Each structure stands twice: as structure tokens, then as C-alpha cells.
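Report on one structure; see the data block that follows.
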Amino acid sequence: MVIHTQKETLVQALSSTANNDKIGFVPTMGALHEGHISLVKKALSENDLVVVSIFVNPTQFNNTADLAKYPRTPKDDISLLKNLKGDVIVYLPEVSDLYDDSVSAKKYNFGGLENEMEGKHRKGHFDGVGTIVSKLLRIVKPDTAYFGEKDFQQLQIVKNLVSIEKLPVKIVGCPILREKNGLAMSSRNKRLSAKQFGEATIIYKTLNEVREKFSFTPINDLNAMVAERFLQNPHLNLEYFEIANEKTLKTAKRKSKDSKYRAFIAAFAGEIRLIDNMPLN
Ligand code: PAF
């Protein structure tokens, strides 16, 4: 496993690979967990070599405290990746390798996807995601890039990004991996106390209950049920719950037969923000 901290040496290494070698790419912000590792394993099984980037991207944080406290565990990340069988190249840059003096994001129009859910609650977040993913894809030039479905809105936005910027890469979404108690794996889970970790399972339980009742319960009633579940739990603060159309990510008020729906939750355990989602039909 080779580690590059500068894009020039990474690009040089990639340009010396065989022409028909397939390159897979897994962009991450580090603090790697089994969810990330499952993406890397999938990428390794489908490509000749896999680039994993580890970079906490400042422009996608709308809250400076959240950026400062985002877990950074590069040594552990590297040992996890070293244990994998296959050709892995790590890109671990400093901010100055990816941004010039003005660390700022480009403004994007993702056809409205950016205005829903996470976009409403984290202003500018998807401009930051679009900016960094575009930069990384242009450096790595992968055949395929892999993204987790935990950030389902991000996945849809990245698909839109590569289409508007005409980037020749296939975007693959990978299923959410969960802890034994159902909590979606996330780097932010590292910040939860044991008690919060246990209590956060309400997110998964509620999503599951919504999925079970979806076919015979009006959306309004499901919304009320979820609000009630969180009111009863003093430890988790619901930021939003939405049932949305999987394609447009627009809030669904009632069900239409031909559409696919997903339930989305964002909630705070103390100051730690957790998100999760689940397909409903
Ligand atoms: O999902 C993430 O970890 C980040 O949003 C990404 C895609 C690596 C961009 O910084």
C-alpha cells in the first residue's frame, strides 16, 4: 500500500499503471469503519487498483465546531487499509493540496436536489461536497467511484454532479452497514458515549416501524407517529423526519403507485448529529 500526500505524485503513480487497468475510487473523510471498508472491498473486487482518499473537507461543514471535532484517526485508518488484500493507494492530502488560498466552494445547481433535507439544514453543505468530489474525480480519474447509501442525498447529488460536469465515471451506491443494535455505521459514532450509542438505536427502530407500516398507513400518520416516538425519548432530538420520493428527494405528502419512497431522519444525540434512511417500497 502506497500513501501519497500530494496530488502530483498520486497522478504520476496512476499514469504509470497499465492503460487497461480499472481504477476504483472510494472518497472518505477518514475515521474509517466497517462501512468504509465494505466500499473498499467492493471496489477491490471490481477493479485492478483502488484509490482511497482521506480528507476532512472544510468547505462542506457549515459549523466550525463540527469541523474541529470531526474525528481524525489517520494511523488507525492506514492500518485498517493495510490489512486488505489488493492494490490500495491512499491519498492523504493537506488542505493546501486541494484548495488555493481561498478555501471556498463553487456554487452548484443540482436541479433542486440540493434544497431538500440536508440542504435545508446544512446551508452550503452540498456546494462543498460537489466542489471536493469534482476536484478528487479530476485528480484520480477513476472508472468507478463508490459512495455509501447512508448519505443517500449525497449519492444522488454526486450522480447529478458527474452528469452536469460530464465526468466519465460510473457512480455506485452501496448499502448501509449497521452496528449490532441497528445504528447506521458512521465516523461520528466514535464521538457517542456508550449510553448515547444505545439510545441512538431509536433512529433505526423508528425507520423500521415506518417501513413495516408504510403500505397501509397514510404519510401524515407516519409523520405524527415518528414525532411522537422522539418526543417520548428525551435523549435524542429529532431535527427532521421525511418520507421523500427516492428520485427527486421531494417530501411526499401522499403515495403514488409508481414512485419509490425512502424515509430519512436526522437527529442529535447531545451535540452529535446522526443521519439515517431506509427504502420503504
Ligand atoms: O461522505 C463523505 O465522507 C464526504 O462527504 C466525501 C464524499 C468524502 C466528500 O468529502
Side-chain angles (χ1 to χ4, degrees), residues 4 7 10 24-40 42-43 50-63 66-74 76-77 80-81 88-99 103-106 108 110 113-114 117-119 121-140 142 144-162 165 167 169-177 184-191 249 264 266 272-277:
H4 292 275
K7 56 178 179 290
L10 172 68
F25 178 42
V26 181
T28 81
M29 298 209 295
L32 301 183
H33 50 71
E34 273 177 59
H36 293 115
I37 298 302
S38 74
L39 298 187
V40 183
K42 182 167 171 63
V50 172
V51 178
V52 179
S53 63
I54 298 176
F55 178 65
V56 182
N57 172 36
T59 65
Q60 70 187 74
F61 287 81
N62 58 333
N63 174 329
D66 191 27
L67 171 62
K69 288 187 182 161
Y70 197 85
R72 290 162 171 87
T73 58
D76 294 348
D77 295 347
L80 273 176
L81 294 170
V88 175
I89 296 181
V90 178
Y91 176 44
L92 186 75
E94 296 286 341
V95 174
S96 58
D97 203 47
L98 286 164
Y99 288 95
V103 181
S104 59
K106 191 179 153 181
Y108 279 99
F110 295 115
L113 291 173
E114 74 281 18
M117 299 180 286
E118 291 298 284
H121 294 271
R122 302 181 70 190
K123 287 275 171 250
H125 170 65
F126 289 120
D127 285 335
V129 170
T131 301
I132 196 64
V133 171
S134 169
K135 281 178 194 273
L136 291 168
L137 290 175
R138 286 165 200 276
I139 293 168
V140 178
T144 311
Y146 300 80
F147 291 81
E149 284 186 350
K150 188 177 79 67
D151 297 291
F152 190 82
Q153 189 171 7
Q154 167 173 281
L155 169 65
Q156 302 296 70
I157 279 184
V158 169
K159 285 181 180 164
N160 194 280
L161 170 77
V162 302
E165 296 200 343
L167 297 170
V169 54
K170 182 175 162 205
I171 302 299
V172 171
C174 305
I176 298 174
L177 254 66
M185 286 189 184
S186 163
S187 302
R188 290 172 199 272
N189 294 354
K190 290 198 164 81
R191 294 181 56 207
L249 300 182
F264 296 83
I272 303 147
R273 189 171 183 276
L274 302 169
I275 60 169
D276 200 349
N277 67 83

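Counting starts at 1 for both ligands and their atoms, in listed order. As a basis for the values below, the full set of heavy atoms in this structure was taken, side chains included, without hydrogen atoms, waters or symmetry mates. This one's a predicted model, so the numbers in the text were calculated from it and none came from an experiment.
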Quiz item: For Phe110, what residues pass the ring pair (Phe, Tyr, Trp, His ring centres under 6.0 Å) criterion, not counting sequence neighbours?
Solution: Tyr108
Quiz item: What's the shortest heavy-atom distance between Ile176 and Asn277, and which atoms?
Solution: CD1-O, 3.5 Å
Exercise. Could you pull out the closest heavy-atom pair between Ile275 and Ala184, with the gap in Å?
Key: O-CB, 4.5 Å
Mind listing the N or O contacts between ligand 1 and protein, cut-off under 3.5 Å?
unit_1: ligand 1; atom_1: 1 (O); unit_2: Gln154; atom_2: NE2; d: 2.8
unit_1: ligand 1; atom_1: 5 (O); unit_2: Gln60; atom_2: NE2; d: 2.9
unit_1: ligand 1; atom_1: 5 (O); unit_2: Gln154; atom_2: OE1; d: 2.6
unit_1: ligand 1; atom_1: 10 (O); unit_2: Gln60; atom_2: OE1; d: 2.7

Quick one: side chains of residues 33-40, donor-acceptor pairs under 3.5 Å with protein atoms, not counting sequence neighbours, listed by atom name and distance.
unit_1: His33; atom_1: ND1; unit_2: Gly35; atom_2: N; d: 3.0
unit_1: His36; atom_1: ND1; unit_2: His33; atom_2: N; d: 3.1
unit_1: Ser38; atom_1: OG; unit_2: Gly35; atom_2: O; d: 2.7

Practice problem: With sequence neighbours excluded, tell me which residues meet side chain to side chain contact (heavy atoms under 4.5 Å, CB included) with Ala31. | Solution: Pro71, Thr73, Ser187, Lys190
Exercise. Is it possible for you to check whether Lys135 lies under 6.0 Å from the centre of the six-membered ring of Tyr99, through NZ or CZ, and within 45° of that ring's axis?
Key: yes
